[in-house]
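Hydrogens, waters and symmetry mates play no part in the numbers below; they use all other heavy atoms, side chains included. Every value quoted in this text rests on a predicted model; they were computed, and no experiment measured them.
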Amino acid sequence: MAVRRTDDSPDLRAGVANVVVDSAELREETGAEAGVAIYASPAERAPRGDDMTALQGAPATTTPTPEPDGVDTGAPAGGEAEVAGRAGRRRLRRRNATATRTAQQPSRLTATAAVDIAPGDPFLVYLAQAGAPVDLGGLELDSPAVRDLRAAGVVLVVPLVSSGELIGALNLGPRLSEQGYSSDDRRLLDTLAGYAAPAMRVGQLVRAREVEARNVERIEQELRVAQLIQQQFLPAELPTLPGFHVAAFYRPARTIGGDFYDFAELPDGRIMFVCGDVTDKGVPAALVMASTHALLREAATRMTSPGEVLASVNDMLCADIPAHMFVTCLAIALDPATGHMTFANAGHNLPYIRTAGGHGHRELNATGMPLGLMPGMAYDETVDVLAPGEGMLLHSDGLAEAHDSNRQMFGFDRLAELVGVSAGGEVLIDRCLSELTAFTGPVEQEDDITLVTIERSGAALIGGVT
């Protein structure tokens with residue numbers, strides 16, 4: 001028996017799915033009005049206006065059955081004999097029809113419409129448990145769906161069940177012979193349902209995979225655009241300072257991340273270096289990062305104290321930051337002429353300073369609450385000097401807190417030792433990354449990684465002359 005899908009919905013679980021059964025073949029077997037609509041449960045799908053177009057417009061195709069040897073049907077020219085088997089018997093039936101009528105005219109069927117069934121209708125539960133064709137004539141069930149089906153001319157409903165799940169039903173009108181459906185008819189329809197249900201289910205899964213693939217592709221495209229936008233927040237150029245060399249590296253754990261760094265000129269001419277990390281990763285962290293970055297930039301245009309900048313940004317973030325999120329951030333105001341630094345910290349990792357001669361390291365200490373947790377916080381400031389020949393590393397926790405396959409952490413001590421024995425700038429960044437790769441192996445990156453180095457040349461500038 002031929003079955004043809006006519007549904008073109010992109011989501012099989014979001015619209016009525018029609019199936020046209022070869023009407024001549026079904027009529028041969030059952031004598032039924034063979035317009036058959038298959039519809040999915042409206043709990044999962046919504047009807048579409050063009051459902052019956054494909055069903056009603058499908059021509060009734062009849063395939064002539066070869067005559068048995070020695071039988072003279074007496075069929076006139078242009079006529080057609082059809083042989084139908086039932087219960088082991090064969091009987092002949094003669095039709096007079098023109099070639100045009102056979103090829104073009106639809107069969108004399110009354111198609112049954114796909115009926116919308118509400119998700120909570122008891123008829124859905126009844127169909128799922130029936131396990132056999134359901135005769136609506138003798139069914140006593142208080143159901144709007146049953147009333148609608150009867151009004152549409154449906155007399156028999158065959159449930160389509162796959163893996164224990166009701167995925168649709170076959171609606172049939174009365175037989176052309178005006179007789180009821182026999183037990184043979186019902187077995188035939190039950191067999192048809194047994195083939196149609198798995199096929200429908202496979203089609204649903206294929207379409208669902210296609211929809212999922214399109215959604216994934218759309219999300220990936222949006223994330224790529226978001227990545228480009230986020231990159232605009234990072235400095236396009238590194239500051240060029242007499243006697244200093246600045247290098248930076250940023251790599252998010254996902255397409256977009258929550259780490260950030262920035263450089264801003266303060267009203268008094270000093271340069272403020274900022275490095276921060278938003279809790280969480282991905283899109284939420286990126287959105288908070290964008291807000292924090294904008295607030296820091298705005299505060300740096302009217303304040304010269306790193307502590308005041310952090311306090312101002314903290315108060316504004318507290319009003320809008322999502323619950324359970326916060327930002328760690330440090331700010332260093334550097335005077336390029338003298339190397340003097342004023343440092344304030346909002347819960348971020350402490351910077352490491354390589355001492356002159358590369359024989360050790362020290363930390364730049366300051367404490368303070370992360371941004372966005374509590375309003376009205378004050379941030380203490382620490383004063384220090386980056387001496388000639390010294391270098392400083394600002395970093396997020398994505399490097400020091402990375403783990404290997406045995407869940408051992410790279411560690412802050414290991415990172416501090418690398419700072420103490422390595423040259424600064426790009427050399428230090430490259431060594432940190434290579435050591436991290438050797439330590440973690442093929443383990444996926446867990447968190448965003450940000451590294452900023454500030455290296456002061458070995459001879460101080462006095463009045464612009466070395």
Side-chain angles (χ1 to χ4, degrees), residues 233-235 238-239 244 246-250 257-266 270-279 285 288-289 291-300 303-317 321 325-335 339-354 361-374 377-386 390-401 412 415-416 419 424 428-429 432 447-455:
F233 291 108
L234 300 177
L238 300 175
F244 289 85
V246 179
F249 173 85
Y250 170 71
D259 278 13
F260 62 94
Y261 66 91
D262 200 7
F263 318 108
E265 185 175 357
L266 299 175
R270 292 183 298 170
I271 303 298
M272 185 173 72
F273 292 78
V274 173
C275 183
D277 183 6
V278 181
T279 55
V288 175
M289 168 266 181
S291 298
T292 306
H293 177 273
L295 293 174
L296 286 166
R297 275 294 183 98
E298 188 279 330
M303 299 178 182
T304 59
S305 166
E308 293 178 359
V309 169
L310 294 180
S312 174
V313 172
N314 175 66
D315 291 340
M316 288 185 282
L317 272 180
I321 195 169
M325 293 190 72
F326 56 87
V327 183
T328 64
C329 183
L330 62 82
I332 300 175
L334 172 66
D335 185 351
H340 284 82
M341 300 181 295
T342 303
F343 171 52
N345 190 9
H348 198 70
N349 304 318
L350 298 178
Y352 296 126
I353 298 177
R354 186 196 72 250
H361 71 277
R362 57 190 175 89
E363 293 179 345
L364 194 58
N365 288 293
T367 59
M369 287 288 292
L371 305 177
L373 287 179
M374 297 177 61
M377 299 302 299
Y379 294 89
D380 298 332
E381 295 180 347
T382 298
V383 176
D384 207 320
V385 176
L386 191 64
E390 291 186 334
M392 180 167 56
L393 175 69
L394 315 182
H395 58 100
S396 65
D397 55 11
L399 192 152
E401 295 183 357
F412 290 94
L415 178 58
V419 173
L428 174 59
I429 291 176
C432 288
D447 201 357
D448 306 333
I449 296 175
T450 300
L451 302 172
V452 178
T453 66
I454 307 170
E455 190 77 14

Within the structure provided, determine whether Glu381 and Tyr379 are in side-chain contact (heavy-atom separation under 4.5 Å). no
How far apart are the closest heavy atoms of Leu266 and Ala333, and which atoms are they? CD1-CB, 3.8 Å
Could you please spell out the steps behind the side chain to side chain contact (heavy atoms under 4.5 Å, CB included) verdict for Ile271 and Phe244? CA-CA 12 Å; Ile271 303 298; Phe244 289 85; over 6 Å; no
Using the test salt bridge (charged side-chain N to carboxylate O under 4.0 Å, His left out), find all partners of Arg362 that sit at least two apart in sequence or belong to another chain. Asp384, Glu390
Step by step, would you call Glu363 with Tyr352 a side chain to side chain contact (heavy atoms under 4.5 Å, CB included)? CA-CA 5 Å; Glu363 293 179 345; Tyr352 296 126; 3.4 Å; yes
Asp335 side chain to His340 main-chain N or O, any donor-acceptor pair under 3.5 Å? no
Note: Pro351 and Leu394 closest approach over all heavy atoms is CB-CD2, 3.6 Å
Please enumerate all residues that pass ring pair (Phe, Tyr, Trp, His ring centres under 6.0 Å) together with Tyr261, with sequence neighbours excluded. Phe263
For residues Leu428 and Glu455, determine if any side-chain heavy atom of one lies less than 4.5 Å from a side-chain heavy atom of the other. no
Between the OH atom in Tyr250 and the CG atom in Leu234, the distance rounded to the nearest 0.5 Å is 6.5 Å
Taken in chain and number order and not counting sequence neighbours, the residues that satisfy salt bridge (charged side-chain N to carboxylate O under 4.0 Å, His left out) with Asp262 are Arg297
Quick one: does any side-chain atom of Thr279 pair with a main-chain N or O of Met325 as donor and acceptor, under 3.5 Å? no
Closest non-hydrogen contact found for Ala248 with Leu238 is CB-CD2, 4.0 Å
Could you check if a side-chain atom of Val313 sits within less than 4.5 angstrom of a side-chain atom of Val327, using non-hydrogen atoms only? no
Shortest non-hydrogen pair, Ala285 vs Gly258, comes out as CB-CA, 3.7 Å
Flag side-chain contact, heavy atom, 4.5 Å: Cys329 against Leu296: yes
Of all pairs that satisfy side-chain hydrogen bond (donor to acceptor under 3.5 Å, both in side chains), the ones with a partner from residues 307-316, not counting sequence neighbours: Arg302-Ser312
Distance from Ile429 atom CD1 to Thr453 atom OG1, nearest 0.5 Å? 4.5 Å
Closest approach of Ala264 to Ala300 (non-hydrogen atoms, all atoms of both residues): CB-CB, 4.0 Å
Please test Leu330 against Leu364 for side chain to side chain contact (heavy atoms under 4.5 Å, CB included), starting from the C-alpha separation and ending with a verdict. CA-CA 11 Å; Leu330 62 82; Leu364 194 58; over 6 Å; no
Heavy atoms, side chains only, cut-off 4.5 Å: are Val309 and Val274 in contact? no
Just verifying a value: how many Å separate Asp397 CG and Phe412 CZ, rounded to the nearest 0.5 Å? 6.0 Å
So how far is it from Met272 CE to Ser305 OG, rounded to the nearest 0.5 Å? 10.0 Å
Partner of Leu393 by side chain to side chain contact (heavy atoms under 4.5 Å, CB included), out of Val419, Ile454, Leu399: Val419
In terms of ring plane angle, is the pair Phe260 and His293 parallel, tilted or perpendicular, where the classes change at 30° and 60°? perpendicular
Who passes ring pair (Phe, Tyr, Trp, His ring centres under 6.0 Å) against His348, sequence neighbours left out? none
Determine yes or no for a side-chain-to-main-chain donor-acceptor pair under 3.5 angstrom, with Thr382 supplying the side chain and Asn365 the backbone. yes
Is there a side-chain contact between Leu415 and Cys432, using heavy atoms and a 4.5 Å cut-off? yes
Got a second to check how far Glu401's CD is from Ile449's CD1, nearest 0.5 Å? 11.5 Å
Quick one: does His395's side chain have a donor or acceptor within less than 3.5 Å of a partner on Leu350's backbone? yes
Straight-line distance of Ile332 CD1 to Asn345 CG, nearest 0.5 Å: 9.0 Å
Can you list the residues that meet the side-chain hydrogen bond (donor to acceptor under 3.5 Å, both in side chains) rule with Asp259, with sequence neighbours excluded? Ser396, Thr450
